[in-house]
Chemist: 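One structure, pasted below without further comment.
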Amino acid sequence: MTRRVYVTGMGAVSSLGFGREAFWQALCEGRSGASTLSLFDTADLGRSRACEVRDFRPRDHMTAAEARRTGRCSGFAVAATRMAVEDSGLDPSGLESDRISVILGTTMGEVDVISDLESAWLHQGEHAVDQRLLPRYGTALLPIHVARAVGARGLLQTLPAACAAGNYAIGFATDHIRAGRADVVITGAAEIIAKVQFAGFVRLGAVAPERVQPFDKNRKGLLLGEGAGIVVLESEEHAVRRGAPVLAEVGGYGLACDAHHITRPHPEGDGSLKAMRSALVTSGIEPGDVDFVNAHGTGTHANDLVESKVIHEMFGGRRVPVSSIKSMLGHCMGAASALEAISCVETLRTGLFPPTTGYEEPDPECNVELVANQPREGKADVVLNNSLAFGGYDAVLCLARPGVLPPPREPQ
Amino acid sequence: MKTLSITGLGVVSPIGVGREAFGAALADPEQARARAFRGPSAVLDQEAFADARVAEVRDFDPKQYLGSKGLRNFDRMTCMLIVAAKHALEDAGIKQDGKYAALVPERVGIISATAYGSLDSITEVNRVTELEHPRYLNPSRFPNTVINSAAGYVGIWEDLQAPNVTVVNGNCGALDSVLTAETHLNQLRADAFLVGGVEVLSEPLYLACSKLGIAGSGDSPCQPGAMYSRGTHLGEGSALLCVEPSDHAEERGAHVLAQIAGFGASFEPPVSEAQLVHASADAVASAARTALRDAGLSPVDIDLVVSAESGISRSDAAEAEGLARVFGGRVATVAPKALWGETFGAAGALSLCAAVCWLRGAGPLPLLRGESPRLLRHVLVTTMGYYGTASAVVLRRGPNELDRR
């Protein structure tokens with residue numbers, strides 16, 4: 001349980017572009033992925049902007065057979081997986097397939113499939129339900145399609161941990177390797193925007209009319225986003241043996257449950273603080289070692305307020321740079337922390353913190369050292385990736401440049 | 001695997017609610033089965049689904065177990081999971097009359113599986129959005145559409161602050177939750193987990209299964225082992241087992257019902273790229289062998305297999321073949337879906353609960369194959385997915401339990 005775990009490849013499907021390079025470049029340029037939704041009719045909903053993935057052509061990333069049997073969410077996951085595997089130089093055919101696992105996060109998986117099926121049922125009746133679509137519904141399918149794309153035969157699991165799913169998956173994948181049950185895990189998360197979640201978030205009053213402005217005094221809520229972030233994780237010995245490109249090390253992660261309310265965070269951020277502290281303790285480091293925090297930063301009043309308090313409490317008076325790329329990417333729900341983990345790795349590699357765009361007026365209640373509007377250079381050896389979700393699901397992941405973290409210890 | 005102890009059970013099932021009622025029902029499997037399938041459905045519309053034959057948790061009134069306050073926004077899935085959690089915690093002695101009596105909130109968590117989540121809640125949101133207007137959506141019920149909401153509500157209701165995880169792996173999820181719990185326990189993130197799963201009946205689920213030809217109706221033979229079985233009958237339920245590291249359980253003087261000794265999971269894709277649905281004998285055999293190896297056992301050490309055979313002929317044949325490759329076709333096998341139907345994400349958990357009861361002497365065994373073993377010390381529980389996955393768990397008789405049978 002003391003093996004180091006490395007990130008050796010990354011792939012992204014997002015409203016800001018495909019592939020880690022395009023994704024990172026867009027973040028550094030402060031581009032926005034927001035547009036008027038084209039996926040469904042928003043006329044009745046009062047809100048119409050989101051960070052939709054545009055120009056995704058399944059046949060660019062998948063075989064004809066794969067494209068026919070996958071839903072849109074699995075399609076994102078498979079595409080990002082292929083990018084990540086290519087990035088890693090891994091040749092899956094040369095590996096023991098039962099030592100490769102796939103562990104993915106999502107919130108609602110292939111939700112458009114169920115929406116389409118039910119739409120037909122509700123409007124036209126039972127006979128209109130296309131039964132060929134029925135087997136395509138099922139959150140369990142995400143890792144199935146990915147496993148088939150890479151030849152993985154080990155544990156396949158989906159962790160639907162709401163908006164913390166990406167960190168949940170990457171964290172559990174790390175545990176799985178550390179326990180010696182896998183050498184390679186394809187992990188991360190995928191999410192699509194469908195009318196059911198969009199309508200729900202709108203009715204919760206959480207969706208901004210135009211743009212998302214995390215930590216800003218006049219923030220009006222979040223914008224939903226979609227996409228997939230996939231990373232290849234390998235045990236140290238496996239990576240070293242094949243001369244893999246090591247992009248970052250995964251340290252520890254902290255999981256906590258507020259057990260407070262199904263949508264509102266604990267007002268003092270108890271669970272979030274526990275999760276952040278636990279991420280450090282399990283990585284063998286102190287708060288003083290953290291160079292950057294990738295905030296959950298959704299742009300809602302409640303989240304940004306509580307998260308600011310937690311960050312302040314965590315680091316005492318120290319002004320640790322904080323940024324929320326949800327300002328550009330929107331809130332990709334289950335995929336958020338996976339895409340944000342990719343951004344964190346790029347920060348570690350380049351020493352650049354991506355900006356929080358749209359920041360115009362500081363909120364005295366959100367007293368954090370925000371990387372506002374422009375990217376910033378800085379020391380980037382250790383970063384934390386926050387995800388603080390509905391239901392009080394808090395997961396914080398620690399990522400570091402290779403060689404910086406102390407050797408992993410047995411849990412204490 | 002470092003041995004884990006099962007110190008409590010909470011079960012909400014079509015044959016009974018609570019460990020005692022569930023175990024007592026197993027003593028007369030025929031009657032249990034009849035009871036599970038008898039009576040009008042509270043979930044499916046009587047006229048539209050007149051032919052349906054389903055195993056339901058009949059007359060389930062959550063107020064009976066949880067009181068009348070605070071339930072307004074809970075859907076059926078959430079209520080069933082909370083009741084199972086409450087029962088498991090009391091059964092394990094972790095709570096007494098709703099208060100922590102052993103351990104603390106920060107050290108107790110839940111790992112729960114489901115395959116489809118609250119399809120009824122998702123359907124309700126779709127219905128209002130499509131046929132009425134989104135302004136009529138009740139925002140308090142929106143969280144129910146998110147697959148991990150039930151476990152989230154359990155965490156709030158029972159004050160569980162250690163990791164709260166929902167696992168989705170189709171029909172294999174509940175057994176996979178065992179591995180997830182073991183992983184977190186080994187990382188010292190908790191002292192105990194409630195482990196299991198929940199699945200509820202709903203009209204969209206029944207409609208989908210009947211369109212796919214897997215949900216049998218009326219009197220057509222739909223059960224494991226039936227000649228020309230025409231599919232399965234749908235069921236529902238929730239089951240949570242309280243799982244702790246064995247040394248911890250011993251230290252706090254917990255009553256150990258049984259132990260978990262090994263876990264295995266496997267995936268075998270179909271040969272054809274175009275094919276999606278795939279029942280794999282290879283995956284079953286591989287998962288079983290991995291679980292045995294993990295437990296340090298050989299096939300001859302297994303006295304009973306609790307399989308996932310459900311009445312869907314192709315799946316059942318694949319599972320039987322997979323097991324035959326490992327055990328030679330002679331091991332005593334029970335297929336409890338005959339009693340409570342296909343419960344998807346809850347299936348593995350209900351099987352584990354039944355296996356614990358059988359290890360403790362509930363009987364007779366409703367055998368599908370083989371002869372009743374003289375001694376029951378090790379049980380292998382299997383699950384099989386629709387797309388090529390399989391999982392398996394090895395249970396061992398509790399250390400203070402007498403030799404049974």
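We name chains A, B, ... by the order of the sequence lines, and we start the count at 1 in each one. Keep in mind it's a predicted model, so treat the numbers as computed, not measured.
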Chemist: Is B:Glu124 close to chain A through its backbone or its side chain, or both, or neither, when contacts mean heavy atoms under 4.5 Å?
Modeler: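 Neither; nothing under 4.5 Å.
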
Chemist: Check whether A:Asp44 gets within reach of chain B through its side chain, its backbone, both or neither, counting any heavy atom under 4.5 Å.
Modeler: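 For A:Asp44, backbone and side chain are both near chain B.
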
Chemist: A:Tyr253 ring centre to B:Arg189 NZ or CZ under 6.0 Å, with the angle to the axis within 45°?
Modeler: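 That pair qualifies as a cation-pi contact.
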
Chemist: Let me know if B:Val277 has heavy atoms under 4.5 Å from chain A in its side chain, its backbone, both or neither.
Modeler: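 The answer is the side chain of B:Val277.
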
Chemist: Heavy-atom pairs under 4.5 Å with chain A: which of B:Asn169, B:Leu137, B:Ile147 has the most?
Modeler: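 Among the listed options, the one with the most contacts to chain A is B:Leu137.
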
Chemist: Looking only at atom types and distance, does a side-chain atom of A:Tyr393 sit under 3.5 Å from a main-chain N or O of B:Val165, one as donor and one as acceptor?
Modeler: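 No; zero donor-acceptor contacts below 3.5 Å.
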
Chemist: I'd like to know which of B:Gly345, B:Pro270, B:Cys209, B:Ala48 tops the heavy-atom pair count under 4.5 Å against chain A.
Modeler: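 That would be B:Pro270.
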
Chemist: Examine whether an atom of B:Phe263 lies under 4.5 Å from a heavy atom of chain A, and if so say whether it belongs to the side chain, the backbone or both; otherwise answer neither.
Modeler: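 Both backbone and side chain of B:Phe263 come within 4.5 Å of chain A.
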
Chemist: Contact part of B:Ala287 toward chain A, heavy-atom cut-off under 4.5 Å: side chain, backbone, both or neither?
Modeler: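 No part of it gets close to chain A.
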
Chemist: Contact part of A:Ala152 toward chain B, heavy-atom cut-off under 4.5 Å: side chain, backbone, both or neither?
Modeler: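 For A:Ala152, backbone heavy atoms alone lie under 4.5 Å from chain B.
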
Chemist: Under 4.5 Å from any heavy atom of chain A, what part of B:Ile122 do you find: side chain, backbone, both or neither?
Modeler: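 Looking at B:Ile122, backbone and side chain both touch chain A.
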
Chemist: Against chain A, label B:Ala162 side chain, backbone, both or neither, depending on which of its atoms sit under 4.5 Å from a heavy atom there.
Modeler: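 Just its backbone gets close to chain A.
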
Chemist: Most heavy-atom pairs under 4.5 angstrom with chain B, which of A:Gly254, A:Gly334, A:Ser115, A:Gly154?
Modeler: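 Looking at each of A:Gly254, A:Gly334, A:Ser115, A:Gly154 in turn, A:Ser115 comes out on top.
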
Chemist: Counting heavy-atom pairs under 4.5 Å with chain A, which one of B:Arg127, B:Arg141, B:His133, B:Glu158 comes out on top?
Modeler: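 Top option by heavy-atom pairs under 4.5 Å: B:His133.
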
Chemist: Which of parallel (below 30°), tilted (30 to 60°) and perpendicular (above 60°) describes A:Phe172 and B:His184?
Modeler: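 It falls in the tilted class, 30° to 60°.
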
Chemist: Out of A:Leu122, A:Thr139, A:Val196, return the one with the most heavy atom pairs under 4.5 angstrom to chain B.
Modeler: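 Most pairs with chain B among the choices: A:Leu122.
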
Chemist: Which one wins on heavy-atom pair count under 4.5 Å against chain A: B:Ala265, B:Ser266, B:Pro204?
Modeler: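 Most heavy-atom pairs within the cutoff with chain A belong to B:Pro204.
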
Chemist: Taking 4.0 angstrom as the limit, do A:Arg181 and B:Glu182 come out as a salt bridge?
Modeler: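 So A:Arg181 pairs with B:Glu182 through a salt bridge.
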
Chemist: Can you say whether A:Thr63 sits under 4.5 Å from chain B via the side chain, the backbone, both, or neither, judging by heavy atoms?
Modeler: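 For A:Thr63, the side chain is the part near chain B, not the backbone.
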
Chemist: Name the option with the most non-hydrogen atom pairs under 4.5 Å to chain B; the candidates are A:Arg148, A:Arg68, A:Lys195.
Modeler: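 Ranked by contacts with chain B, first place is A:Arg148.
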
Chemist: Among the options A:Leu142, A:Val129, A:Thr70, pick out the one with the most heavy-atom pairs lying under 4.5 Å from chain B.
Modeler: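 Maximum pair count with chain B is reached by A:Val129.
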
Chemist: Counting heavy-atom pairs under 4.5 Å with chain A, which one of B:Val125, B:Thr123, B:Thr114 comes out on top?
Modeler: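 Result: the option with the highest number of such pairs is B:Thr123.
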
Chemist: Taking every non-hydrogen pair under 4.5 Å, which of B:Asn73, B:Asp294, B:Thr389, B:Thr290 racks up the most with chain A?
Modeler: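 The residue among B:Asn73, B:Asp294, B:Thr389, B:Thr290 with the greatest pair count is B:Asp294.
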
Chemist: Sort A:Gln157 into side chain, backbone, both or neither according to what part of it lies under 4.5 angstrom from a heavy atom of chain B.
Modeler: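 The answer is both parts of A:Gln157.
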
Chemist: Which one, A:Met333, A:His176, A:Gln197, leads in non-hydrogen pairs under 4.5 Å with chain B?
Modeler: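 Answer, by heavy-atom pair count under 4.5 Å with chain B: A:Gln197.
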
Chemist: Can you confirm whether B:Gln187 sits close enough to A:Thr282 that some side-chain heavy atom of one is under 4.5 Å from a side-chain heavy atom of the other?
Modeler: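 A side-chain contact under 4.5 Å is absent here.
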
Chemist: By salt bridge (charged side-chain N to carboxylate O under 4.0 Å, His left out), which residues pair with B:Glu273, not counting sequence neighbours?
Modeler: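 Testing B:Glu273 for salt bridge (charged side-chain N to carboxylate O under 4.0 Å, His left out), a comparison that skips the adjacent residues, returns A:Arg69.
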
Chemist: What part of A:Leu141 gets closer than 4.5 Å to chain B, counting heavy atoms only: side chain, backbone, both or neither?
Modeler: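 Contact with chain B involves the side chain of A:Leu141 alone.
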
Chemist: Assess the residue pair B:Leu276 and A:His145 against the criterion (side chain to side chain contact (heavy atoms under 4.5 Å, CB included)); give the C-alpha distance rounded to whole Å, side-chain angles, the decisive distance to 0.1 Å, and a yes or no.
Modeler: CA-CA 9 Å; B:Leu276 184 56; A:His145 291 303; 3.5 Å; yes

